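Below you'll find the structure, written out as structure tokens, and then a few comments.
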Amino acid sequence: MEKVDLRKLWRGRTILAIVFLLAFFSTGFSKYIGGEYLIGGVFPGFYIIVLINIILIFASVWYYNANFVPEELHDEVEGNE
Amino acid sequence: MSGFTVYLIASVFLVIMIAIAAYGTLKQRRSSTNDLFIAERSIGPVITAITIFATLQSGFSILGFAGLFYLNGVGASMAVFVAFTQAMIIYVVFRRIWIAGKKYNLSSQADYFSDRFESPVFLKILIGIIGLVAIVAAHFSVQLNSLGIIMQTMSNGEITYVQGMIFLAIGMVIVTLIGGMRGISFVDFILGILMLVGLTSLAVIIFTNSGQGFTDIYQNLKTNFAAALTVPGPINYFTPQMIFSFFISYTFGAIMLPHMFVKTYITKSIKSYKTLPLLYMGATFPLFILIFWLIGPLAKAHLADVTATDTVVPLLIANFVNSEFVQGLLFIVVIAAIISTASGALLALSQIITIDVYKTLFKGKTEKHYYWVGNIGIIAITLIGLVLAINPPGAIAYIVTSSLGISATLFIPAVLGLYWKRLNKHGVIAGVISGIVVYVWITFILNMPQASFLGFNATVWAVLVEVIVLVVVTLFTPPPSQNTQLKYIDKINYSLYGVENLSLKQNDEVK
């Protein structure tokens, strides 16, 4: 099995962690970034923030899987040592 | 619906579930504990993802989260972040535990703790008992509670809470006994899909029949319940501290419930872990959007002054769905969600009793003997769960949020055990016990099951104290053996990344 570039892997994980922290705190403190407004006078701004964050999170996991996780990472594991 | 119709629908549903469980298990079922509890590590990625989804998102998510929205408004939708972190934990941490499970033949949570921390009896039984209490308190009795609520509400009180609960519990035990892990995974797959389709249909039907559209609902909320459209909500529940506590409780606690943890082992290939997080989020996000954006607001706008908030979903079905046939189908969706979680929990409980406790204390019996002990355990635990569920202490979401603290104390040692070589049994035992003592002290002795000191809940304080004790005790006691360090860090790194480090070079046996 070829060696995996661990630095690249951790770069990807760092990006994921940053996206998540941004998403989590922007939602938690939504009150200060427009979460209290009702979009069109009806739909809670809070939900718009949550929706953007869901899309962002999903896309970042997808991107991480496609670009940072090498194919050869998944070795078959022998059992019963 | 009349009591007879509700019984009839529930019976037809149970017969179909039993048939699916039997079909799923028919070809390969053997009388072994490995097959009963982890399906001989043979389940594919899609079924594993949906079974994890169906295990975590249950009757509690549908009834409890809809009730949580009803009480506290939009803040409840912070649960989407929990789904993301759970998916990442499955990907990063559980992948390593899968490798350890396959290499060292582990099949339960306590197996992992006892082997990694070199304590084959004490830690195994301690983790087993913590797991047992955590499932019964946080998940199993709550599922039984949900079964009673739905049967009672759907029959307009003709079936009592206890009668409904006992009737469905019997069916659930039969599904579990016949299916084992293989059958249950199969059933979960069908039920998980049913859950998503059913809830979407429920929202569409209520919109159609109530004559009010999406805009009307939110305008109604804005006029009558403006506080429900922002955090911290009408009763100030979702403060920043409680959002953080909610996040920690559900992320650490739910993922470490033994019936969730055991799902780590069931998948047949490590390749599954590449698709698992996306599949899990792909199923969970739509469910949460349905509950928090549609079902919850519909309940809040249409149902006035519901005191038992966990009944809002069955009340919506009973009040806004005209056809009894469609009511029956939606009723099945809710029962499906509950039973998929409860049967997984039941199986894990039986595994703890059989493998972690009984087999540790009574060694040398035949595989068939343990297999039957597992089956008897399933029946015994159901009886205990029924007794506990007769008088539930509060709303489902509140019970779960506060009781997840028990399993949350297992998260830090489980993760650090895969990355920190120095972590030893003394640190883990001291850390876990001190975490649980803090949790019990705040929740039960000080009687603060929700917000406590500085606005955080007991779980946050328990985990904080646990980490401090765990690190300090570990640093002042001897490290684990070289062999254990090699097994759980170096060999797993090698399996994952092909990375060789100093200790691996010194030990050719690894290759």
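The sequence lines fix the lettering, A, B, ..., with proteins before strands; numbering per chain opens at 1. Please read these numbers as outputs of a predicted model, since none were measured by experiment.
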Check: Would you say Tyr419(B) has more than 12 foreign heavy atoms packed within less than 6.0 Å of its OH?
Finding: yes

Next item on the list: Just do the side chain to side chain contact (heavy atoms under 4.5 Å, CB included) check on Ile57(A) and Val80(B) with the steps written out, would you?
Entry: CA-CA 10 Å; Ile57(A) 284 171; Val80(B) 294; over 6 Å; no

Next item on the list: Take the angle between the ring planes of Tyr91(B) and Tyr64(A) and call it parallel below 30°, perpendicular above 60°, tilted in between.
Entry: perpendicular

Item checked: Parallel, tilted or perpendicular: ring planes of Trp293(B) versus Tyr47(A), cut at 30 and 60 degrees -> parallel

Note to self: Heavy-atom cut-off 4.5 Å, strictly under: side chain, backbone, both or neither for Phe81(B) against chain A?
What the structure shows: both

Item checked: Trp62(A) CH2 to Leu278(B) CG distance, which is reported to the nearest 0.5 Å -> 6.0 Å

Note to self: Would you say that Phe24(A) contacts Ile243(B) through its side chain, given a criterion of any heavy-atom pair below 4.5 Å between the two side chains?
What the structure shows: yes

Notebook entry, point to check: By a 4.5 Å heavy-atom criterion (distance strictly below it), what part of Phe292(B) contacts chain A: side chain, backbone, both, or neither?
Noted result: both

Next item on the list: Starting at CG of Leu56(A), measure out to CZ of Phe84(B) and round the result to the nearest 0.5 Å.
Entry: 9.5 Å

Checklist line | Atom of Phe20(A), atom of Thr85(B) and distance for their closest heavy-atom approach | finding: CZ-CG2, 3.5 Å

Next item on the list: Go through the atoms of Ile289(B) and report whether side chain, backbone, both or neither lie under 4.5 Å from a heavy atom of chain A.
Entry: side chain

Item checked: Euclidean distance, Ser77(B) OG relative to Ile54(A) CD1, rounded to 0.5 Å -> 8.0 Å

Check: How close do Gly282(B) and Phe58(A) get, heavy atom to heavy atom, and via which atoms?
Finding: N-CE1, 3.7 Å

Next item on the list: Answer with side chain, backbone, both or neither: which region of Met78(B) has an atom nearer than 4.5 Å to a non-hydrogen atom of chain A?
Entry: side chain

